[in-house]
Each structure stands twice: as C-alpha cells, then as structure tokens.
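Accompanying notes for the structure given below.
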Amino acid sequence: MAPPPLVRVVHVVVQSIAGESFEIRVDLPCSVGALKQRIFEQWNVPPVFQKLCMGSAAPGDYADLSEFCRSGDSALCVLLVISLNEAIGDLKISSRRLPALQDLARLGLRGGEDAVAAVMSCCSEDRDWQIRLAAVEALAKVAPRGDERAVTKLLGCLEHRERNVRRAALRALSCVAGRGDAHAVGAVRCCLQDPHGMVRRAAVATMAQVTSKDDRAAIAAVERCREDTDEDVREAAEQALMALAEQSNQRSGMRSQCDTGKEEPSRTVADVAIARA
C-alpha cells in the first residue's frame with residue numbers, strides 16, 4: 001500500500017483587484033476548486049465568478065495548490081479576479097439559466113454594469129415566467145439604487161400577466177428606484193388597484209420606500225388603502241403611513257433645529273393619518 005501523501009500547511013493570502021485581502025490556512029494537498037469554496041464562504045463570491053491567478057498562471061479547479069508553492073515556502077499569494085463570462089454564457093442555455101441568475105443575485109453589486117445588463121435581458125426576453133421572476137429578484141440585488149435602466153425594466157414587469165412577477169417587480173423597485181422618482185411612484189400607485197391582494201400589499205409597502213414625504217397625492221392614495229377589503233393590505237397601509245410620518249417628523253425636527261423661532265410647518269397627510277389611528 002502506498003503511503004498517504006504528506007500534509008503540508010500553507011498560508012494563502014487572497015487579494016482582490018479592489019485591494020481587499022484575507023488570509024486562510026490551507027492543508028496541502030488542496031485543489032483550486034476547494035480554495036474557491038473557502039473564498040465563497042469568506043466573501044460570498046460564488047465559485048463560478050472566481051478566476052484565481054497565481055503568478056502568471058490561472059489554473060483550473062482540479063489543479064493542486066502545491067504545484068504553485070515552491071519548496072520551503074509557507075505562504076502563497078493568490079489574486080482574485082471576478083469574471084462573469086461563464087455565468088453570462090449559462091444564461092443562454094435554458095437548463096442553466098435559473099442557477100446562473102441565482103448566482104448573479106448572490107454576487108450582488110460586485111457584478112457591475114455587465115451583470116445588470118445580463119439580468120435585464122432575462123426580465124423581458126424569457127417566456128418562462130419563473131425565469132422572469134428570478135431575473136426580477138436578481139435585478140434587485142445587482143442594480144444600484146437610482147439605475148434608470150433597471151427602473152424602466154422593472155416598470156415594464158409591473159404589467160406582467162403573472163401576479164408573482166408583478167409582486168417581485170414592486171419589491172425590486174423598493175430597492176432600486178430613488179425616492180421621489182415620479183415614473184416609479186405613478187406606476188406603483190396604479191398597482192394599488194391590482195385585483196390580487198398580494199400585489200396590492202407589495203405596492204403599498206413600495207410606496208413607503210419610493211414616495212417623497214411631500215407627495216400629498218401619493219400619501220393620500222396609501223391612506224385610502226386603509227379601507228381595502230384585504231386585511232393584509234390594510235395592515236401594510238398602516239405601516240406605510242407610520243413610516244412616511246416618521247420621515248416627515250425627522251425632517252421637521254432637523255428644520256426646527258435650524259429655524260428656531262420660525263412658524264411651525266404644516267402637517268402632512270401622513271401626520272394626519274397617524275393622528276386619526
């Protein structure tokens with residue numbers, strides 16, 4: 001029987017292009033694929049996006065780290081490069097599209113504009129509503145707040161025939177649309193009349209995130225939802241009004257510190273709604 005391979009301990013220093021770094025202890029032999037899993041646990045970058053460079057080499061997952069450690073060395077420097085090529089390629093294959101979208105969602109904002117563009121294509125082009133649902137949920141994670149292209153794509157999804165897609169689009173808008181975005185507020189406001197309670201509830205919650213505290217018409221629309229036939233919608237309306245009133249009160253408090261002695265500002269519709277509750 002052949003003797004077991006000798007175990008050698010090496011300290012691996014992983015550094016990103018952005019300059020972030022961390023150090024982990026690895027027992028050799030250890031594959032590149034196993035190291036990618038350790039990096040995923042540390043930085044939440046799925047292995048599919050990891051390209052590891054060791055010197056001038058970019059080894060595959062089955063390569064062993066010991067091949068890149070010189071005899072006697074106790075440390076190994078590894079550069080992590082995030083590459084979307086494989087995931088974007090998987091989006092073109094129907095059987096791999098869903099896991100690719102889920103991986104992109106885990107990567108989040110680190111995917112940059114390429115990730116946003118790739119996910120957006122699945123929001124409108126795929127015929128499978130479940131894929132569109134996953135794409136909308138991923139877009140909420142990869143697009144930065146205020147991204148106009150992403151907001152426009154999500155607004156289009158509010159008209160999808162499947163209610164789960166409409167609800168997901170509303171939730172995504174609460175993460176991506178900027179507060180006071182007139183187009184977003186108007187479209188979300190229309191969803192307050194959706195025939196499905198689950199969509200109306202999501203619309204109410206999103207109104208609290210995208211509505212300006214000075215938009216009296218929008219706040220009045222939320223207040224009318226307190227009379228909705230669905231109990232969950234009525235509860236969401238109460239919570240939304242409380243959130244809007246709190247924002248208004250915070251602003252009033254800041255103004256009072258700067259404008260001591262000035263006339264007290266008039267209350268907003270949200271303030272009146274809370275006073276009635």
Side-chain angles (χ1 to χ4, degrees), residues 15-20 36 39-40 43-53 58 61 79-188 190-191 199 202-203 206 209-210:
Q15 185 170 4
S16 71
I17 294 293
E20 302 171 298
K36 287 183 176 181
I39 294 173
F40 171 63
W43 275 343
N44 201 33
V45 176
V48 67
F49 301 115
Q50 297 181 33
K51 180 179 179 181
L52 303 185
C53 301
D61 289 353
L79 178 65
L80 168 64
V81 178
I82 295 178
S83 173
L84 305 186
N85 291 341
E86 184 174 345
I88 291 177
D90 286 346
L91 290 178
K92 301 176 182 178
I93 304 173
S94 58
S95 61
R96 300 181 185 177
R97 196 165 295 143
L98 181 58
L101 286 169
Q102 293 169 339
D103 283 336
L104 284 164
R106 294 189 189 98
L107 184 63
L109 295 173
R110 286 170 293 192
E113 294 184 2
D114 289 342
V116 174
V119 171
M120 282 175 53
S121 67
C122 294
C123 288
S124 56
E125 297 176 5
D126 203 289
R127 296 181 179 180
D128 186 338
W129 71 264
Q130 292 180 316
I131 295 297
R132 289 200 183 190
L133 174 63
V136 167
E137 293 174 340
L139 191 55
K141 302 291 182 63
V142 303
R145 185 173 292 280
D147 188 313
E148 295 183 0
R149 299 171 305 157
V151 170
T152 300
K153 184 65 67 174
L154 291 171
L155 293 181
C157 292
L158 294 181
E159 301 177 3
H160 195 277
R161 65 181 182 278
E162 171 55 48
R163 59 183 174 179
N164 288 290
V165 174
R166 299 198 300 275
R167 178 176 64 173
L170 286 164
R171 291 175 172 174
L173 280 169
S174 69
C175 301
V176 179
R179 185 174 294 281
D181 184 319
H183 295 294
V185 172
V188 174
C190 290
C191 292
V199 178
T206 301
Q209 299 299 317
V210 302

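As a basis for the values below, the full set of heavy atoms in this structure was taken, side chains included, without hydrogen atoms, waters or symmetry mates. All residue numbers refer to positions in the sequence shown, counting from 1.
Residues passing the side chain to side chain contact (heavy atoms under 4.5 Å, CB included) test with Asp114, sequence neighbours excluded: Leu84. With sequence neighbours left out, Lys36 forms a side-chain hydrogen bond (donor to acceptor under 3.5 Å, both in side chains) with Asp61. For Gln130, the side chain to side chain contact (heavy atoms under 4.5 Å, CB included) partners at least two apart in sequence or on another chain are Asp128. Leu79 meets the side chain to side chain contact (heavy atoms under 4.5 Å, CB included) test with Ile17, Cys53, Val81; sequence neighbours excluded. For the salt bridge (Lys or Arg N to Asp or Glu O under 4.0 Å) test, no residue two or more places apart in sequence or in another chain qualifies with Arg145. Listed by chain and number, the residues in a side chain to side chain contact (heavy atoms under 4.5 Å, CB included) with Ala202 are Arg167, Leu170 (sequence neighbours excluded). Checked against salt bridge (Lys or Arg N to Asp or Glu O under 4.0 Å), Arg110 has no partners two or more places apart in sequence or in another chain. With sequence neighbours excluded, the residues satisfying side-chain hydrogen bond (donor to acceptor under 3.5 Å, both in side chains) with Arg163 are His196. Qualifying side-chain hydrogen bond (donor to acceptor under 3.5 Å, both in side chains) partners for Arg171, counting only residues two or more places apart in sequence or in other chains: none. Listed by chain and residue number, nothing satisfies the side-chain hydrogen bond (donor to acceptor under 3.5 Å, both in side chains) test with Asp181 (two or more places apart in sequence, or in another chain).
When all heavy atoms of Leu98 and Ala134 are compared, the closest pair comes out as CD1-CB, 3.4 Å. In terms of heavy-atom proximity, Lys153 sits nearest to Met120 at CE-O, 3.7 Å. Minimum interatomic distance between Ala150 and Val176 (heavy atoms only, all atoms of both residues): CB-CG1, 3.9 Å. Nearest approach of Leu158 to Ala169, heavy atoms of both residues: CD2-CB, 3.7 Å. Of all heavy-atom pairs between Leu80 and Ile39, the closest is CD2-CG2, 4.1 Å.
To the nearest 0.5 Å, atoms CD (Gln15) and CD (Glu20) are separated by 10.0 Å. With values rounded to the nearest 0.5 angstrom, Leu154 atom CG is found 6.5 Å from Cys123 atom SG. Here CG of Leu101 is found 12.5 Å from CZ of Arg132. Values are rounded to the nearest 0.5 Å.
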Please table the atom pairs, donor to acceptor, closer than 3.5 Å between any side-chain atom in residues 85-95 and protein atoms at least two apart or in another chain.
residue, atom, partner, partner atom, Å
Asp90, OD1, Arg96, NH1, 3.4

Solution key, residues 102-109 side-chain donor-acceptor pairs under 3.5 Å, sequence neighbours excluded:
residue, atom, partner, partner atom, Å
Asp103, OD1, Arg106, NH1, 2.7

| message | The test is side chain to side chain contact (heavy atoms under 4.5 Å, CB included); show your working for Val119 and Val116 and say whether it passes. | response | CA-CA 5 Å; Val119 171; Val116 174; over 6 Å; no

| query | Taking it one step at a time, do Arg166 and Cys191 satisfy side chain to side chain contact (heavy atoms under 4.5 Å, CB included)? | reply | CA-CA 9 Å; Arg166 299 198 300 275; Cys191 292; over 6 Å; no

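Looking at heavy atoms from C-beta onward, Leu155 lies in side-chain contact with Val151 at the 4.5 angstrom threshold.
A donor-acceptor pair is defined here as one N or O able to donate and one able to accept, closer than 3.5 Å; such a pair exists between the side chain of Gln50 and the backbone of Val45.
Within 6.0 Å of CD in Glu162 there are more than 12 heavy atoms belonging to other residues, nucleotides or ligands.
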